2 protein chains.
Amino acid sequence: MQIRQKIEQASDAFTAGERKLAAAILSDYPYAGLSSIQDLAERSEVSAPSISRFMGKIGLAGYQEFQRSLIAELKDGDRSPVEVHERGRHIEGDFLSDFLSKASAQMAIAGDAITEEQFNRACGLLANPKHNVYVIGGRISDTIAAHMSFHLRQVRPGVYHLPSDPETWPEYLLQMKAGDVFFVVDFRRYQTSLASLAKLARDERNARVIVMTDKWISPVARHATDVLPVPIESGTLWDTYSSALAVTEAIVTRIAEDNWETTRTRIESWDTMRITTKDTDA
Amino acid sequence: MQIRQKIEQASDAFTAGERKLAAAILSDYPYAGLSSIQDLAERSEVSAPSISRFMGKIGLAGYQEFQRSLIAELKDGDRSPVEVHERGRHIEGDFLSDFLSKASAQMAIAGDAITEEQFNRACGLLANPKHNVYVIGGRISDTIAAHMSFHLRQVRPGVYHLPSDPETWPEYLLQMKAGDVFFVVDFRRYQTSLASLAKLARDERNARVIVMTDKWISPVARHATDVLPVPIESGTLWDTYSSALAVTEAIVTRIAEDNWETTRTRIESWDTMRITTKDTDA
DNA sequence: GCGTTTCTGAAAATTTTCTTTCAGTCAAAT
DNA sequence: ATTTGACTGAAAGAAAATTTTCAGAAACGC
């Protein structure tokens, strides 16, 4: 049996510290377990003795046996990295892995729904610093919009994220100039207010409207110059937006990579401007 | 430089025993070097001291450095499935599908890092209506936190999403009761303020702290009762949060399905309470 | 709340691992 | 045959890693 499985098997009886340890081991499996017990202790933020006890709990003689087993697994699994993950594939009933593999499969096909051409056009429009970018999302999908505007702001100036309150929208509409880009994320249970907003943006302000939507196509699409369709059906109670997020990230990453020098200097000067919150980099 | 190359480079000056040793190491590279010096001594039919000397000869400080280097090599080599992509290599034409398949592969392995047990525990804690739930995320990862709180709110009462302004935090802290759940999303470029907040929540308010983090493990983890590790490396300029979002969705979906009746009636009454925004369902 | 059980890490003890010393062996050169 | 020099491994020594002990802290049940 793989160590990983032993861990899962024993996980009912884990204490808080042991769960932290298990998370550390599994999150960088199997390499996290290859260094000394002290290294691992430090990384997982439990003491070495706790690790030692843990090994007994999952049915091993001690840390050394644990390492030996990991090496043996590694040696076995040498064949191909893909196969390593293929092996020990979840048996039906694991909710999480079930869900994730569905989401993963869905994401794999998301690339087919959007042509490279569409993708490039969208990137081009959003990257152009001559025109401002306005971003908004639906009630739930605003998460995606927020992510987009956050990253885009790191790459270029003139990015505005519209608040969800319609009362504030006219202000932004008035600010829009011809050629500006209006990026709308809207998934089902569409909001009619967004469609009206998009219509205004296009008809009155001559903005270009890009809409990211699902395959049922939001009413916003009627007023769009570009549509980015993304699959969201998860086969469960709720839709999954992870593909949408991935596409969003693909867009901003592409833009950032294409304008790396600008982006780098911009992020650097940004960092010097931030005062309130201190970060630790590792 | 790889160990293997160091060996080859120094091989002119090898003695008989050293050649035997080199052969043994290279014949099962790199695994032969992963066991103890004595094991290797036995296998290669030279004494441990000879091995120790050998390491000096090929330019290493000792056997331990030798092992550490081998592990590092191994780890690098494994990166291939997700991280092959060298920056700037994206030839026109496939950026999107490239990016998506990487994200998809990464998501597939996300399930391995979190055990079903951990997942269930987290769901259980978050679902329990007896205790309130407080949610917060880092500067960027707050979008994940927002998604979580949004959906969770549809399923149960008592869900609070803390604003990012630290000035407002004391209010929420004071409101927390023992046993309440504090869900923190924190990915790298960790914010120390979140760690302090988590510490206060746990130590002063006796809250249970669940932290979703990457494999480098956020400082928040020190104060956590549960850790959910999620892979975020995309091999590009920025990390990708799509796996994190998927895990989040898996959690809320699970909770909603387990409490479907409650959820349904809750959403229905919610809908009658919403007045400002009108939806169209298709 | 209060006693009980469980968990945890510091420090000590133990074990293992690695390195150094040193004397014996071997081969080549004289 | 003897000397020389290099190579080697046994054993001692040093260093490190791992396990055990133990007392304080936290969590739990009543």
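A quick note: this is a predicted structure, and the numbers were derived from the prediction, not measured. All chains are named by letter (A, B, ...) in the order of the sequence lines, taking the proteins before the strands, and each is independently numbered beginning at 1.
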Just checking, is any N or O donor in the side chain of B:Tyr190 or B:Asp214 under 3.5 Å from an acceptor N or O on the other one?
-> yes
Hey, does the Lys NZ or Arg CZ of B:Arg202 hover above the aromatic six-ring of B:Phe182, less than 6.0 Å from the centre and inside 45° of the axis?
-> no
Of B:Val46 and A:Gly62, the one whose closest nucleotide on DNA chain D sits nearer the 5' end is B:Val46
Taking the side chain of A:Tyr63 as heavy atoms from C-beta outward, which of D:dA17, D:dT19, D:dA27 is closest to it?
-> D:dT19
Cation-pi between B:Arg254 and B:Phe119: NZ/CZ under 6.0 Å from ring centre and within 45° of the ring axis?
-> no
Separation of B:Gln67 atom CD from C:dT17 atom P, in whole Å?
-> 10 Å
Which of D:dA17, C:dT17, C:dG9 is nearest the side chain of B:Ser36? It is C:dT17
Nearest listed nucleotide, side chain of B:Arg208, among D:dT8, D:dT20, D:dC28 | D:dC28
Side chain of B:Asn206: nearest nucleotide among D:dT18, D:dA27, C:dG9?
-> D:dA27
For B:Glu257, does the CD atom sit with more than 12 other heavy atoms under 6.0 Å from it, leaving out its own atoms?
-> yes
Taking C:dT20, D:dA17, C:dG9 as options, the one with an atom nearest any side-chain atom of A:Ser47 is C:dG9
Separation of atom CD in A:Gln38 from atom C1' in C:dT15, rounded to whole Å | 14 Å
5' precedence on DNA chain D between B:Arg202 and B:Ser50 (nearest-nucleotide basis) | B:Ser50
So which nucleotide from D:dC7, C:dA10, C:dC7 ends up closest to the side chain of B:Thr15?
-> D:dC7
If you check every side-chain atom of B:Ala48, which of C:dA10, C:dT19, C:dT17 has the closest atom?
-> C:dT19
Starting from C1' on D:dA17, measure out to CD on A:Gln64 and report it in whole angstrom.
-> 8 Å
B:Arg53 has an atom CZ; how far is it from atom P of C:dC22, in whole Å?
-> 14 Å
